[in-house]
Amino acid sequence: TVFAGTRLDDLAAYAAKYGLSGLEFSCGIPGSVGGAVVMNAGAFGGSMEQVVCRTRYIDSKGQSRVLDGRDHRFGYRQSFFSEHRDAVITEVTLLLEPLDRRVVYEQMSDYAWNRYQKQPLAEPSAGSAFRRPEGNFAGALISEAGMKGYTRGRAGVSDLHAGFIINHGGASASEIAQIFLDVRDAVFQQTGIRLIPEVRFIGAWEEDDGIRSLIC
Ligand SMILES: Cc1cc2nc3c(=O)[nH]c(=O)nc-3n(C[C@H](O)[C@H](O)[C@H](O)COP(=O)(O)OP(=O)(O)OC[C@H]3O[C@@H](n4cnc5c(N)ncnc54)[C@H](O)[C@@H]3O)c2cc1C
């Protein structure tokens with residue numbers, strides 16, 4: 001059991017050190033364990049839903065509550081908590097399997113190397129910009145639409161991995177959002193598939209019809 005504010009990659013490193021398998025997939029996913037539960041963070045075929053068995057949280061009335069197993073209602077980048085935004089996760093209990101720590105480390109370093117080669121980790125981004133459409137990959141569709149490396153103002157699409165939207169330096173939230181719109185529209189025109197953002201837009205976007213259409 002860990003506090004929800006624990007960094008996910010610290011936890012994965014700790015598990016590896018003690019020869020516990022299950023969190024290898026999380027190597028390189030930035031953020032906290034609590035955030036990872038909310039988002040059902042995942043990569044390389046693994047996800048939080050495979051290891052989380054219990055969550056303690058504070059509900060909107062200030063009561064401490066517990067959620068077990070299937071009650072987390074995990075889905076692709078969603079959970080009970082993404083539907084109950086007023087809940088605050090405080091502790092997470094995970095079920096990990098004993099495994100030779102060298103095997104765990106080896107798997108983690110493979111994943112880290114894969115990320116290093118394929119993702120623009122040195123540039124500011126919010127990770128995968130769009131959700132993965134059924135039976136497809138957002139990055140592949142964005143490339144197909146000719147938007148890989150697309151730049152407008154101080155923001156653009158990564159030229160290493162088209163699934164990432166990059167702040168090239170000083171871009172405002174509106175400039176970043178404009179890239180989301182340009183990419184979504186280009187992909188729709190090219191493929192007929194409407195991409196849905198994986199990242200959350202927070203703030204006062206209500207006045208902006210374009211951005212509102214992204215959020216809905
Ligand atoms: C370079 C890069 C690579 C990434 N790769 C991946 C990847 O491979 N797979 C993946 O799934 N994601 C990936 N992400 C996205 C992100 O790292 C994950 O979604 C991560 O789990 C978010 O954790 P966080 O703590 O930063 O949460 P935040 O982004 O801060 O929050 C996410 C949501 O959870 C809520 N929340 C956070 N903590 C709590 C809590 N304790 N109680 C209740 N609600 C809470 C927030 O209010 C928000 O609604 C990547 C991001 C970047 C920048």
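Just so you know, ligand 1 is whichever comes first in the structure, and atom 1 is the first atom listed for that ligand. Keep in mind that this is a model prediction, so the values were computed, not measured.
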Discussion item. Quick test: of every protein heavy atom, which one is nearest to atom 28 (P) of ligand 1, and how far off is it to 0.1 Å?
Written reply: Gly35 CA, 5.0 Å

Item to complete: Considering heavy atoms of the protein only, find what lies nearest to atom 2 (C) of ligand 1 and give residue, atom and distance to 0.1 Å.
Response: Gly127 CA, 3.6 Å

Item to complete: Indicate the ring-plane relationship of His84 and Phe80, choosing parallel, tilted or perpendicular according to the 30° and 60° boundaries.
Response: parallel

Practice prompt. Would you mind telling me if ligand 1 is within reach of the side chain of Met48, the backbone, both or neither, using heavy atoms under 4.0 Å?
Written response: neither

Discussion item. Distance alone, cut at 3.5 Å: any donor-acceptor contact between the side chains of Asp185 and Gln189?
Written reply: no

Item to complete: May I ask you to identify the nearest protein heavy atom to atom 15 (C) of ligand 1, giving residue, atom name and distance to one decimal place in Å?
Response: Ala126 O, 4.3 Å

Discussion item. Can a side-chain donor-acceptor contact be found between Glu24 and Ser21 if the only test is distance below 3.5 angstrom?
Written reply: yes

Fill in: Under-4.0 Å heavy-atom contact with ligand 1, by part of Ala43 that carries it
side chain

Discussion item. List ligand 1 atoms under 4.0 Å from Ala41, heavy atoms only on the residue side.
Written reply: 11 (O), 21 (O)

Worksheet item: Can you tell me which residue and heavy atom of the protein come closest to atom 36 (N) of ligand 1, and the distance to 0.1 Å?
Response: Val38 CG2, 3.8 Å

Practice prompt. Looking only at distances, please establish whether an N/O atom of ligand 1 is found under 3.5 Å from an N/O atom of Asn40.
Written response: no

Fill in: Ring geometry between Tyr57 and Phe81 (parallel below 30°, tilted from 30 to 60°, perpendicular above 60°)
perpendicular

Discussion item. For the residue pair Tyr76 / Glu49, report whether a side-chain donor-acceptor contact shorter than 3.5 Å exists.
Written reply: no

Fill in: Nearest non-hydrogen protein atom, atom 11 (O) of ligand 1
Gly42 N, 3.0 Å

Worksheet item: Quick one: nearest non-hydrogen protein atom to atom 13 (C) of ligand 1, plus distance?
Response: Ile29 CG2, 3.8 Å

Practice prompt. Report the residue from Thr55, Thr1, Asp68 that forms a side chain to side chain donor-acceptor pair (under 3.5 Å) with Thr93.
Written response: Thr1

Fill in: Within-cut-off N or O pair, Ile89 and ligand 1, under 3.5 Å
yes

Discussion item. Quick test of your reading of the structure: of Met39, Glu91, His161, whose heavy atom lies closest to atom 32 (C) of ligand 1?
Written reply: Met39

Item to complete: Of all the heavy-atom pairs spanning Ala36 and Met48, show the shortest one and how long it is.
Response: O-CG, 3.4 Å

Worksheet item: After noting the C-alpha distance and the side-chain angles of Arg152 and Asp182, does the key distance pass the salt bridge (Lys or Arg N to Asp or Glu O under 4.0 Å) rule?
Response: CA-CA 9 Å; Arg152 179 166 170 177; Asp182 293 349; 2.9 Å; yes

Discussion item. Could you identify the single nearest non-hydrogen protein atom to atom 20 (C) of ligand 1 and state the distance to 0.1 Å?
Written reply: Pro30 O, 3.4 Å

Discussion item. If you take the nearest heavy atom of each of Pro120, Gly163, Gly34, Ala87, which one is closest to atom 43 (C) of ligand 1?
Written reply: Ala87

Worksheet item: When you look at CD of Gln117, are more than 12 heavy atoms from neighbouring residues, nucleotides or ligands closer to it than 6.0 Å?
Response: yes

Fill in: Protein heavy-atom partner closest to atom 33 (C) of ligand 1 - residue, atom, separation in Å
Arg200 NH1, 3.7 Å

